[in-house]
There are 2 protein chains.
Amino acid sequence: MVKETNIQTAFQEVMAASGNIPPKQKQVLAASLSLFAEKGFASTTTKEIAERAGVAEGTVYRRYRTKDELLAGVLAPFMTEVLPKLVSEFAEKVVGQTYSSRHDLVATVVNDRMQFVVENQSVLRILVTEILVRNDLRDQTISRMVPLLKQNLYPVLDHLKAIGELVDWPNDRIAQFMIGTMLTQLVRSTLTNEEVTSAASLIIKFLEKGLAPE
Amino acid sequence: MVKETNIQTAFQEVMAASGNIPPKQKQVLAASLSLFAEKGFASTTTKEIAERAGVAEGTVYRRYRTKDELLAGVLAPFMTEVLPKLVSEFAEKVVGQTYSSRHDLVATVVNDRMQFVVENQSVLRILVTEILVRNDLRDQTISRMVPLLKQNLYPVLDHLKAIGELVDWPNDRIAQFMIGTMLTQLVRSTLTNEEVTSAASLIIKFLEKGLAPE
DNA sequence: CGTTTCAGTGAGTGAACACTCACCTTTTCT
DNA sequence: AGAAAAGGTGAGTGTTCACTCACTGAAACG
């Protein structure tokens, strides 16, 4: 199994990059992350965050001066570190291979990136929930994601199309079907507490058939 | 185009069934619906609801005694009227036909039920957002949906499997792929303001290929 | 017409919230 | 060691929130 870029390691990297972050501040970020994921941003109080982090309420406000900044602080490492690596690591992995068949593409995406989805469930849940409700966050996420996909995923898709391994649909649709099918599994396992990985093989088959040339 | 069961007509039916509901109460429900969809339940205030409905704040509390009851009042017609009809109408439509090919199944589901998704976007958005955050609503929705699917959709799937028109996977997976692919389109059009219907034909092709027998 | 019933009103209320600040403790620097 | 800086504290503050209630106006009934 490959070393994965997840939110925990990303937090540490970001923390290291921006000087030493004291342990209580990390506890605040971790507590915010878990509470936002459980109850949503709006219905989490700063008092609850302080309690779960085991600090005083004033400590919550030392680094981030508002609750909104705290949300940004929770999402920032994910947006700046995790998301770009998510896409670029994948591209390297697929492009670097000598093969390049549709099956390899799909299997790599599903096995590898679903692992990522599982490891980052909490942040993804916050992101999805807040995107539905906050226009600024929605636009910001889109403007980060789209170029990443265009640079990293689309060339791979074009290559596979050229050698007749992939159906000739617009790249954004193909990406939509792949991402959507995986996110569906995230939603399902959130609802039913099912193991995500148990569904991987069927998801691979489904995508492989659905994206075969006509 | 078939007569669709959407949230507006459902509201009216529910209102008619439970006696005459005064116009200002309808305005309160409508204002709540739109505000919850826009900003989420937790960050909508009762003052805002009153303003958009053009009533005094006290009026908001005449029929529903708490804000939570108001949310339930908004979702109830959808859960009790719209959702059951969504599934059963579809089953009648497919089962009632003489054909029964995979293409007909998929085309019917996508064209017909996506129309439903579009018409009920607001409620669906509230439902999705709140399900991620409220365990009670999540369990309630699941316990309503699962039997509906089992009774209406699964027999159709079994039939198609028997005549070799559908891949032999568990019914819940097939349902997951169908529903998931359509909801993905809802999410996408929410993010990009794209017309939902413009994607229908590709979605049909994708599902038809992905769900073909191996 | 008097009485009852009900929808609607909006100023008011206690609780809970995000946020502050004067003070204390620990670490860092010389 | 002493001073300065930074981290941490929790009672306190002003505001906003969900919710209430005494009241008004209008319709329904005999």
Side-chain angles (χ1 to χ4, degrees), chain A residues 11-12 14-36 38-75 126 129-130 133-134 136-137, chain B residues 11-12 14-36 38-75 126 129-130 133-134 136-137:
Chain A
F11 260 140
Q12 288 164 5
V14 169
M15 284 163 182
S18 58
N20 273 354
I21 291 189
K24 295 214 171 180
Q25 297 299 333
K26 293 184 189 175
Q27 290 165 30
V28 168
L29 281 175
S32 304
L33 175 64
S34 61
L35 278 167
F36 292 164
E38 280 168 32
K39 334 181 24 180
F41 173 77
S43 49
T44 298
T45 70
T46 50
K47 194 183 168 196
E48 287 172 312
I49 295 173
E51 274 168 12
R52 180 166 298 189
V55 301
E57 211 179 334
T59 309
V60 174
Y61 285 90
R62 178 142 297 264
R63 180 165 299 265
Y64 304 99
R65 289 168 318 187
T66 66
K67 204 181 150 197
D68 274 326
E69 277 186 26
L70 189 53
L71 174 64
V74 167
L75 293 181
I126 299 174
T129 311
E130 294 307 318
V133 142
R134 295 172 160 250
D136 54 336
L137 187 60
Chain B
F11 260 139
Q12 288 164 5
V14 169
M15 283 164 183
S18 58
N20 273 352
I21 291 189
K24 296 215 170 179
Q25 297 297 333
K26 292 183 191 175
Q27 290 166 30
V28 168
L29 281 175
S32 304
L33 176 63
S34 60
L35 278 166
F36 292 165
E38 280 168 31
K39 333 179 24 179
F41 173 77
S43 49
T44 298
T45 70
T46 50
K47 194 184 168 197
E48 286 173 313
I49 295 173
E51 274 169 13
R52 180 166 299 190
V55 301
E57 210 178 335
T59 309
V60 174
Y61 285 91
R62 180 142 294 265
R63 180 165 298 264
Y64 304 99
R65 290 170 316 190
T66 65
K67 203 181 151 196
D68 274 328
E69 277 187 26
L70 190 52
L71 175 63
V74 167
L75 293 181
I126 299 174
T129 311
E130 295 306 317
V133 142
R134 295 173 159 249
D136 55 336
L137 186 61

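No experiment lies behind these values; they were computed from the predicted model shown. Numbers restart at 1 for each chain; the letters A, B, ... are given by sequence-line order, proteins then strands.
Bounding nucleotides for the chain A contact on DNA chain C, 5' to 3', at a heavy-atom distance below 4.0 Å, are C:dC17 to C:dT20.
Screening residues 49-61 of chain B for salt bridge (charged side-chain N to carboxylate O under 4.0 Å, His left out), with sequence neighbours left out, gives B:E38-B:R52.
With sequence neighbours excluded, the residues satisfying side chain to side chain contact (heavy atoms under 4.5 Å, CB included) with A:Y61 are A:T46. Applying the salt bridge (charged side-chain N to carboxylate O under 4.0 Å, His left out) test to A:K39 and every residue at least two apart in sequence or in another chain returns A:E48.
Here CG of A:L33 is found 4.5 Å from CD1 of A:I126. Values are rounded to the nearest 0.5 Å.
A:K67 places none of its side-chain heavy atoms less than 4.5 Å from the side chain of A:V60. In this structure, B:L70 and B:L29 have side chains that are in contact, with non-hydrogen atoms separated by less than 4.5 Å. Considering only heavy atoms from C-beta on, A:T45 stays 4.5 Å or farther from A:L35 through its side chain. Side-chain atoms of A:R63 and A:P22, non-hydrogen and from C-beta on, do get closer than 4.5 Å to each other. At least one side-chain heavy atom of A:L71 sits under 4.5 Å from a side-chain heavy atom of A:F36.
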Could you go through nucleotides 15-17 of chain D and list every protein N or O atom that sits under 3.5 Å from one of its N or O atoms, giving the distance for each pair?
none

Look for any protein N or O under 3.5 Å of an N or O in nucleotides 4-9 of chain D and output each such pair with its distance, or none.
from	atom 1	to	atom 2	distance (Å)
D:dG7	N7	A:R62	NH1	3.4
D:dG8	OP2	A:Q25	NE2	3.2
D:dG8	O3'	A:K24	NZ	3.4
D:dG8	N7	A:R62	NE	2.9
D:dG8	N7	A:R62	NH2	2.7
D:dG8	O6	A:R62	NH2	3.0
D:dT9	OP1	A:K24	NZ	2.7
D:dT9	OP2	A:A56	N	3.1
D:dT9	OP2	A:T59	OG1	2.6

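Formation of a donor-acceptor pair under 3.5 Å by the B:K24 side chain with backbone atoms of B:A56 is not found in this model.
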